[in-house]
Amino acid sequence: MISPDKQTYLIEADSLFYQYGDKDLAQLVLKGATLDLRSGEFVILAGPSGSGKSTLLSLIGALRQCQEGNLSIVGYDVKGANEEIMRTVRKNIGYVFQQHNLLGFLTAVQNVEMTLQMFPEYSREMRRDLSAEILEKVGLGRHLDYFPSQLSVGQKQRVAIARSLVHRPKLILADEPTASLDSKTGIQVTEILHDMVKTLGCGALVVTHDNRIFSYADRILHIEDGVVKI
Amino acid sequence: MISPNRAHKLFPFAFLLAWRQLWHDKVRFLTAICGVSFACLLVFMQIGFKNALFESATLLQRTMTGDLYLQHTQSEALWRLVSFPRQNLYRALSVDGVENLTSLYVSQAPWKNPETGVNRTALILGIDPQSNVYPLPGLDSQRNILRMRDTVLFDERSRPEFGKVVDLLKAHKEFPVEIGGHRLDVVGTFQMGITFSADGNLLVNDTTFFKIFPMKSQAGVDIGIISLKPGADIQKIKTEIRNILPDDIEVLTRSEYIESEKAYWNNLTPIGYIFNFGVIMGLFVGLVIVYQVLFNDIANHLHEYATLKAMGYNNGYFVRVVMSAAFILVISGFIPGWFISASLYKIVEKSIFIEMNLTFFKVATTFSLIAMMCFISAFLAVRKLKSASPVDVFQ
Ligand SMILES: Nc1ncnc2c1ncn2[C@@H]1O[C@H](COP(=O)(O)OP(=O)(O)O)[C@@H](O)[C@H]1O
Ligand SMILES: [Mg+2]
C-alpha cells in the first residue's frame, strides 16, 4: 500500500474535449473536463444523463483515443498512445459496469480467473487461489462453482467486482455499478467495492446518479454539460 | 502487452473457453454434432456410392489382363459397343513385341428366370475359352465345358432375380435356360459382379455368342485384346499399332481403357454430377448449422467479449476461441459420422450387391471436406467479433 504522503496521481485529466461524429453531425460532449485522482481515493462522479460521464470514463479507461487536452493514466500519457500502451494501461485498470457482463458458461471462480489468464506470471494454482480468495472477500466463498444463472443480481455484480480487482489494478473505473440493483443491494455492493478499494489501496472513480451511495465518497465531482465541477 | 509468445500461451485458454462454451449448452452442442455427423454421413455415402458405381462399372476392365485394347471410336461403353473388322485386329500381329490377340464380343439379351419365367437383362460376354486374359474366379476349371456348343457359365454375383442358379446346378449338374429366345444349358458358375451395364453376367464361347445374336456380323470384333511379350515397351508398341490401323479404331492401354469406361459414366450420364451435388448439399447443410452455432456463440456474448477486450484480451484471442470451437465440432462430429457410415456401408453392400469399401482415401477425403466446412463457417462467423468493441462498454 502506498502511504498517504507519497500518494501518486492515477488520473490527471486536463481540459479534455471530445466530440462524436464530424462536420454537420458533430456533437461536442466534453468541453474542457478537468479532474485528478490519487491512489487510495474513492471518488464519485455524478451528473445528469447525457452529460458525458461514460464518454469521460472511456477516455480515462484508455478505450478511446482522446482528441483535445492532456490525459495521463496510471503514469502513462495516453494521448496519441499506440494500441500496445493502451492495452498495458487497461491491464492496470479494473472495470465495473452497470451489467455484470459475466460469461454464462463459466462459474464464478472461472470468470474471475479470466482476468488472471492474461498475465503469464500467475500459475494455474495461483489463479485459482487468488480468485477464490477475492470471491471470499466479496462474500461469495460458498459460491465459487456457481454459474451466473444460479446467482442473484447482487451476487453477480459482486463476482464482477471480484473479477475487476483480482489482479490488483491501480485504478477501478465503475460506470453506474448499482443501476441494475435494488437500493439495499446497491448499498451492499458499493460498501464492498469501497472496502476493497480501501484495503487494496487503489483508486476508484465511480460514476453514479444514485445519491444514496454518495456518503461513501472521499470526494464528489459533478459533471454538467461536459464540464467537471467540484 | 501481448507478444507473439504470449499469444501462443493463450491458445490452451482459448481452447478451454471454446470447450466450456460448447459443453455448457449440451442440447446445442449435440445439435451441432448431429449437423456435422449428418454432413459427414452424406459425404461418406455419396462418395461411397459414386466410387462403388464407378468401380463396379469397370469391373470387367479391371479384371482383364491385356496390355492394349482396340475398339471402334464410336464405342462409348461396354454396353454400347460398335464392332470393327476382325482383320484390323490381326494386323497388330505384325508389330514386334505382340505376343497374342483375342477378341471379346459383348451384348445384352433377356434371361428367363428358370423358376419364375420372368425376363431380366443379362450382359453376355462371348470369349475364346482358351484365352488367359480373363482371370475370373471359377473360369479356369471350366474352360473345357465352356468350349462345348450352347453352354453358359453364370455369374454367381448376379442379382437374385436371376433365380437360384447355384442351387439348381447343385441339384441337376446342368439345366436349360432361355436366353434371347434361344435354348442354352447352364453348366457352371464364375464370379464377377454386377455392373452399370446389367444386373447379371453370362459367359459363352464365341460360337454360342453368334448363335444368340445372329444379327451380329461374324466378321466383326467388339473389343480386341492384345497381350505383349514380357518387358515390351507398351507406349512404343501402342504408337506402332496406332500407325498401321485406320483412324476409326482407337488403341488404349489398360489404364486408359479403364478410365474411358469411367469417363463415360461420369460425363455422358448425370451420375457423377448427382453424387457431387449430394456431397455439396451435405456440406452446405453442415456449413449452415455450424455457422449458426458459432455465430450465435459470438452474437449472444458481445457484451462479455467487449468487456474482456476492455480488460486486455485482443481480437486474436477470440478468433482462436471460434477456431477451437470449429475444431472441436470437426472431431466430435466426424467420429460418429465415420462409425455410422461404416455400418451403413455394410448394410448397403448387402442390400444392393455393390462393393463398398471404406478406404483410407475416402476417410481422408471426407475428413478434409468436413474440416473445410467447419473452418469456412468459423471464418464467416469470426467477422461478427468486430461488433464486440471495447469502446462501447461504458454507456
Ligand atoms: N458512440 C456515440 N456516438 C455518438 N454520440 C454518442 C455516442 N456515445 C454517446 N453519445 C452522445 O454523447 C452524449 C454523452 O453521452 P454519455 O457520455 O454516454 O453520457 P452519460 O453517460 O453521462 O449519460 C449523449 O448525448 C450521447 O447521445
Ligand atoms: Mg452513461
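Quantities reported herein were computed from a predicted structural model and do not represent experimental measurements. Chain naming here is simple, since letters A, B, ... match the order of the sequence lines and numbering starts at 1 in each.
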Participant: In terms of heavy-atom pairs under 4.5 Å with chain A, which of B:L17, B:D25, B:N300, B:L308 leads?
Facilitator: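 The option with the most such pairs is B:L17.
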Participant: What residues of residues 60-73 of chain A make heavy-atom contacts with chain B at a cutoff under 4.5 angstrom?
Facilitator: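 So the qualifying residues are A:L63, A:R64.
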Participant: Could you check whether B:H301 and A:F105 have their ring centres less than 6.0 Å apart?
Facilitator: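 For A:F105 and B:H301, the ring centres are under 6.0 Å apart.
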Participant: Using 30° and 60° as the class boundaries, would you call the ring planes of A:F97 and B:F394 parallel, tilted or perpendicular?
Facilitator: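 A:F97 and B:F394: tilted rings.
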Participant: Check this for me: B:W265, atom CH2, are more than 12 non-hydrogen atoms of other residues, nucleotides or ligands nearer than 6.0 Å?
Facilitator: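 Check passes, neighbour count above 12.
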Participant: Look at the aromatic rings of A:F214 and A:H222 and report parallel, tilted or perpendicular, splitting at 30° and 60°.
Facilitator: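 Judged by the thresholds at 30° and 60°, the geometry between A:F214 and A:H222 is perpendicular.
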Participant: Sort out for me which of B:A310, B:S389, B:P390 touches chain A most, counting heavy-atom pairs under 4.5 Å.
Facilitator: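 Top option by heavy-atom pairs under 4.5 Å: B:A310.
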Participant: Heavy-atom pairs under 4.5 Å with chain B are the metric here; pick the option from A:Q110, A:H100, A:E83 that has the most.
Facilitator: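 Looking at each of A:Q110, A:H100, A:E83 in turn, A:Q110 comes out on top.
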Participant: Can we call the ring centroids of B:F327 and B:W19 under 6.0 Å apart?
Facilitator: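 Here the rings of B:W19 and B:F327 have centres that are no less than 6.0 Å from each other.
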Participant: Answer yes when A:D36 and A:R219 have at least one side-chain N-carboxylate O distance shorter than 4.0 Å, and no when they do not.
Facilitator: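 Judged by the 4.0 Å cut-off on N to carboxylate O distance, A:D36 and A:R219 do form a salt bridge.
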Participant: Looking at A:H167, A:M86, A:R90, which one has more heavy-atom pairs under 4.5 Å with chain B than the rest?
Facilitator: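 Max contact count across the listed options: A:R90.
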Participant: What residues form a side-chain hydrogen bond (donor to acceptor under 3.5 Å, both in side chains) with B:Y305, not counting sequence neighbours?
Facilitator: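 Result, side-chain hydrogen bond (donor to acceptor under 3.5 Å, both in side chains) vs B:Y305: B:Q21.
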Participant: Which residue in the set B:H24, B:E304, B:R20 passes side-chain contact (heavy atoms from CB on, under 4.5 Å) when paired with A:L103?
Facilitator: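 In the set B:H24, B:E304, B:R20, the residue that makes a side-chain contact (heavy atoms from CB on, under 4.5 Å) with A:L103 is B:E304.
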